There are 2 protein chains.
Amino acid sequence: MEDGTFESLGYCGDTGIDDDVLQWDQRADCEVRQILDRVADKWSLLVIALLDKRSLRFTELRRAIDGVSQRMLTRTLRHLERDGLVSRTVHPTVPPRVDYELTPMGVTLHSTIRALVVWTEEHQNAIAAARAAYDRRAAAEQEAAERDEAQRLAVARAALPIRS
Amino acid sequence: MEDGTFESLGYCGDTGIDDDVLQWDQRADCEVRQILDRVADKWSLLVIALLDKRSLRFTELRRAIDGVSQRMLTRTLRHLERDGLVSRTVHPTVPPRVDYELTPMGVTLHSTIRALVVWTEEHQNAIAAARAAYDRRAAAEQEAAERDEAQRLAVARAALPIRS
DNA sequence: CAGTATCCAAGCAGATACTG
DNA sequence: CAGTATCTGCTTGGATACTG
């Protein structure tokens, strides 16, 4: 079984420093990181959103999500299950049937996430504008640099003796 | 210049389907994804948190964050700048001085993120417990499987004629 | 100081094949 | 059906060296 997530905490534990600004950054963040990593990965969010409406079977999720490979869906579900956000119920029938549903904690997480979604919806235009502006500036600079370069080259060539 | 983030949207655009559950999942998420990816990556969160208190110079950030390589810090800052969350001010002095600070939009994002941080702080115990429980169950199953295997092996060996 | 450029290793994620 | 196992390419991120 491939894994990860066990040793990947980085620096946690109590740092004796708490010097400057980094109070919650170091302390809280090492916890927050893991949750965020869970929340933010490509599929978790989709799964949580889907399961918020009703419990679903493995294949229903697979079909609903579209781009996901069964490997990734399995991994995602295992992680969510491990974190206590999703519960997994195996019905011992033939063929086997497995239902996934949000735990109460999973539901509260989903409503918290909604705040971020709302923020995003409210600001997506501003962000798109910012990006467009940034890219425009970058392109302009790029072009300017190329003009400069051409200039320098032309000057250098003119300064050299014509070689045959 | 290495990049990414430009072509990485996956399927966006209007899907004519809106069949089932996946209304906001497909539509909103393809926008939300990019923001979340920004918010969730290893360093962005730290940078935003640090800059929320006061504007900082490149090296101040570098020192404050500790584990970050200058390459990653630069990338992170460029991304945040492109999204209009952080502003970059170059003072044409010698040696050069560059200040980074949160834009108004960056500030609102930070307060939104706080909700997630709060959620995490409130639930981190529950999550830790869930993980411990999960790992315990997994370990137990693992062990059981190994006992079974040993059993089967012993039986198989007993059933075979003693060779030599 | 504040970067950019290049190289390289590790981990993530997809495709495929197999199983209870 | 609901997975696990394996192989592999590609992206991500760190280390290092160089520049305006």
Side-chain angles (χ1 to χ4, degrees), chain A residues 1-11 33 37-38 40-44 46-47 55-81 86 88-100 138 141-142 144-145 148-149 152, chain B residues 1-10 33 37-38 40-44 46-47 55-81 86-100 138 141-142 144-145 148-149 152:
Chain A
M1 185 173 306
E2 164 187 20
D3 200 63
T5 335
F6 284 85
E7 300 281 339
S8 55
L9 314 186
Y11 51 90
R33 271 258 56 78
D37 287 348
R38 189 91 310 122
D41 91 351
K42 212 172 172 185
W43 310 113
S44 294
L46 274 304
V47 169
S55 81
L56 291 169
R57 307 179 51 178
F58 186 86
T59 313
E60 290 177 313
L61 281 168
R62 187 155 163 46
R63 260 194 294 270
I65 294 182
D66 175 69
V68 76
S69 64
Q70 85 284 46
R71 183 181 178 278
M72 280 303 109
L73 183 53
T74 305
R75 275 174 65 85
T76 303
L77 288 168
R78 286 294 170 286
H79 286 150
L80 292 173
E81 190 195 353
V86 157
R88 175 170 179 272
T89 322
V90 184
H91 300 92
T93 58
V94 178
R97 173 194 179 92
V98 180
D99 281 305
Y100 291 94
E141 271 171 39
Q142 172 84 12
D148 276 18
E149 180 64 11
R152 287 201 316 113
Chain B
M1 169 131 18
E2 164 187 21
D3 201 60
T5 335
F6 284 86
E7 301 280 339
S8 57
L9 315 185
R33 272 257 57 79
D37 287 347
R38 188 92 312 122
D41 90 352
K42 214 172 171 185
W43 311 113
S44 294
L46 275 304
V47 170
S55 81
L56 291 170
R57 306 177 54 178
F58 186 85
T59 313
E60 290 177 313
L61 281 168
R62 185 153 164 48
R63 259 194 294 270
I65 294 183
D66 173 71
V68 76
S69 64
Q70 85 284 47
R71 184 180 178 278
M72 280 303 109
L73 183 54
T74 305
R75 275 173 64 86
T76 303
L77 288 167
R78 286 293 170 287
H79 286 150
L80 292 172
E81 190 195 352
V86 158
S87 69
R88 176 171 178 272
T89 323
V90 185
H91 300 93
T93 59
V94 177
R97 173 196 179 92
V98 180
D99 281 306
Y100 291 93
E141 270 172 40
Q142 172 85 9
D148 276 20
E149 181 63 12
R152 288 202 315 113

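Computation of the quantities below employed the complete heavy-atom set of this structure, encompassing side-chain atoms and omitting hydrogens, waters and symmetry-equivalent molecules. Here is the naming used below: chain letters follow the sequence lines, and residue numbers restart at 1 for every chain. In this text, all values refer to a predicted model and were calculated from it rather than measured experimentally.
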query: Is there side-chain contact between A:Arg78 and A:Arg88, with heavy atoms separated by less than 4.5 Å?
result: yes
query: Taking C-beta and beyond as the side chain, do B:Ser44 and B:Leu80 meet within less than 4.5 Å on heavy atoms?
result: yes
Can you tell me how far [atom2] of [N] sits from [atom1] of [X], to the nearest Å?
X: A:Leu73; N: C:dA15; atom1: CG; atom2: P; result: 14 Å
X: B:Glu81; N: C:dG3; atom1: CD; atom2: C1'; result: 13 Å
X: A:Leu77; N: D:dT4; atom1: CG; atom2: P; result: 10 Å
X: A:Asp37; N: C:dC12; atom1: CG; atom2: P; result: 10 Å
X: A:Arg38; N: C:dC12; atom1: CZ; atom2: P; result: 11 Å
X: B:Met72; N: C:dA9; atom1: CE; atom2: C1'; result: 14 Å
X: B:Leu61; N: C:dA2; atom1: CG; atom2: C1'; result: 12 Å
X: B:Arg71; N: D:dT11; atom1: CZ; atom2: C1'; result: 11 Å

- request: Using a cut-off of strictly less than 4.0 Å, decide whether B:Tyr100 has a side-chain nitrogen or oxygen near OP1 or OP2 of C:dC1.
  value: no
- prompt: Within the pair A:Arg75 and C:dC12, is there a side-chain N or O less than 4.0 Å away from OP1 or OP2?
  reply: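 For A:Arg75, the contact criterion (side-chain N or O under 4.0 Å from OP1 or OP2 of C:dC12) is not met.
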Between [options], which one does the side chain of [X] approach most closely?
X: A:Trp43; options: C:dA2, C:dG14, D:dC1; value: C:dG14
X: B:Thr74; options: D:dA2, C:dA2, C:dT4; value: C:dT4
X: B:Arg97; options: D:dG13, C:dA2, D:dG3; value: C:dA2
X: A:Thr59; options: C:dA13, D:dA2, C:dG3; value: D:dA2

message: Just to be sure I understand the rule, does A:Arg57 reach a base, reach only the sugar-phosphate, or reach nothing, if contact means heavy atoms closer than 4.0 Å?
response: sugar-phosphate
Just the table, please: protein N/O against nucleotides 18-20 of chain D N/O, every pair under 3.5 Å.
none

field: B:Ile65 CD1 to B:Leu73 CG distance, which is reported to the nearest 0.5 Å
entry: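 Going from the CD1 atom of B:Ile65 to the CG atom of B:Leu73 covers 5.5 Å.
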task: Calculate, to the nearest 0.5 Å, the distance between atoms CG and CZ belonging to B:Asp99 and B:Phe58 respectively.
output: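 Rounded to the nearest 0.5 Å, the CG-CZ separation comes to 13.0 Å.
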field: Helical stems, DNA chain D - three or more consecutive Watson-Crick or G-U wobble pairs below 3.5 Å
entry: C:1-20 with D:1-20
